[in-house]
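Everything below concerns the one structure shown next.
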Amino acid sequence: MNFSLEHCCLCPRQCGRNRAAGEKGVCGVAGTQVLLGRAALHFWEEPCISGTRGSGAVFFAGCPLHCVYCQNEELSRARVGRAVTQQRLTEIFLELQAQGAHNINLVTPTHYLLQLIPALRAAKEQGLTVPVVYNTGGYERPEALALLRGLVDVYLPDFKYPDREGALRYSAAPDYPQVAAEAIRCMAEQTGPPVFDAQGLLLRGTIIRHLVLPDRTAETMRLLDELHDTYGDGVILSLMSQYTPMPACPCEELRRPVPPEQYERLVRYARRIGISRAYVQQGEAASAGFIPAFDGTGV
Ligand code: SF4
């Protein structure tokens with residue numbers, strides 16, 4: 001399938017905007033350049049991604065999803081970000097590797113795929129050898145993911161909601177459950193089962209993240225059942241407790257933290273149904289202090 005910025009259909013929104021002519025897509029970005037918020041070593045991913053030296057995280061501005069509880073709204077709505085050329089993007093990947101990054105971690109890159117692919121190819125030709133991690137909200141088109149085959153080593157998608165109601169209310173994307181399920185199936189097929197190096201760093205594989213939201217225990221249990229039935233130990237699960245309520249969130253039920261008992265109950269449930277490859281978080285992970293400054297560092 002041929003994608004173009006003149007009639008953009010890169011993500012499941014398929015809004016058809018002419019980004020090349022300056023029209024802004026639902027993802028919040030226009031034009032042909034890539035907008036970045038930050039490119040730096042990052043230590044707050046799963047241990048097999050952050051390791052001891054950090055993950056080379058490149059934070060892209062804009063996002064096809066509009067989650068009402070977004071922690072990075074300035075960046076996800078592309079209100080901040082510095083424009084870089086494709087050539088500069090290649091240099092950034094190589095600079096992060098030279099700083100000791102265990103991997104290149106592309107955070108919310110979906111809507112820049114057409115600029116990203118040649119930048120990654122050029123970086124690999126110029127000596128990029130560390131794994132490439134594709135870190136996404138899970139709202140992806142299989143046709144777009146097919147373009148990444150051979151370029152991405154690790155997929156790190158969210159699976160946010162198993163139900164249409166939650167997906168509509170919290171991310172304005174009622175098709176999210178089917179879209180994410182199909183996208184993750186493609187990702188897991190591309191990477192195969194997890195492969196680690198001698199230090200325990202992930203070289204290939206798919207980690208599925210799920211952020212626990214207040215009062216949605218039944219939905220999370222259903223998702224855990226579905227993932228375990230589908231993948232068994234073929235993927236790694238990351239059950240996240242770091243939800244941080246935003247005072248301006250329009251959904252009243254989300255303006256409070258996840259009670260520790262709710263999270264602990266879900267961890268016990270995951271163990272009980274036989275999920276063995278999983279990361280769980282400690283309570284202190286729920287803090288806005290884990291959000292880096294999107295001040296153009298490293299860009
Ligand atoms: S990537 Fe942006 S412009 Fe392209 S279809 Fe998605 S929302 Fe629209």
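In each ligand, atom 1 is the first atom listed, and ligand 1 is the first ligand listed. Position 1 is the first residue of the sequence; numbering continues from there.
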Taking only distance into account, with no hydrogens and no angle test, what donor-acceptor pairs under 3.5 Å do side-chain atoms of residues 268-275 form with protein atoms, sequence neighbours excluded?
| unit_1 | atom_1 | unit_2 | atom_2 | d |
| --- | --- | --- | --- | --- |
| Tyr269 | OH | Asp225 | OD1 | 2.8 |
| Tyr269 | OH | Asp225 | OD2 | 2.9 |

2.8 Å shell around atom 4 (Fe) of ligand 1, exclusive bound, protein N/O/S atoms: 1
Is the Phe59-His42 ring centre distance short of 6.0 angstrom? yes
Residue pair His210 / Thr220, side-chain donor-acceptor N/O under 3.5 Å: yes
May I have the list of side-chain donor-acceptor pairs in residues 150-158 shorter than 3.5 Å, sequence neighbours left out?
| unit_1 | atom_1 | unit_2 | atom_2 | d |
| --- | --- | --- | --- | --- |
| Asp153 | OD2 | Val132 | N | 2.8 |
| Tyr155 | OH | Gln190 | OE1 | 2.7 |
| Asp158 | OD2 | Lys160 | NZ | 3.1 |

Using atom types as modelled, flag every donor-acceptor pair under 3.5 Å from a side chain in residues 98-105 to any protein atom, sequence neighbours excluded.
| unit_1 | atom_1 | unit_2 | atom_2 | d |
| --- | --- | --- | --- | --- |
| His102 | ND1 | Arg53 | NH2 | 3.4 |
| His102 | NE2 | Thr52 | N | 3.1 |
| His102 | NE2 | Arg53 | N | 3.0 |
| Asn103 | OD1 | Ser55 | OG | 2.6 |
| Asn103 | ND2 | Ile49 | O | 3.0 |
| Asn105 | OD1 | Asn135 | ND2 | 3.2 |
| Asn105 | ND2 | Glu45 | OE2 | 2.8 |
| Asn105 | ND2 | Ser55 | OG | 3.2 |

Can you find a pair of side-chain heavy atoms, one from Lys24 and one from Val29, that are under 4.5 Å apart? no
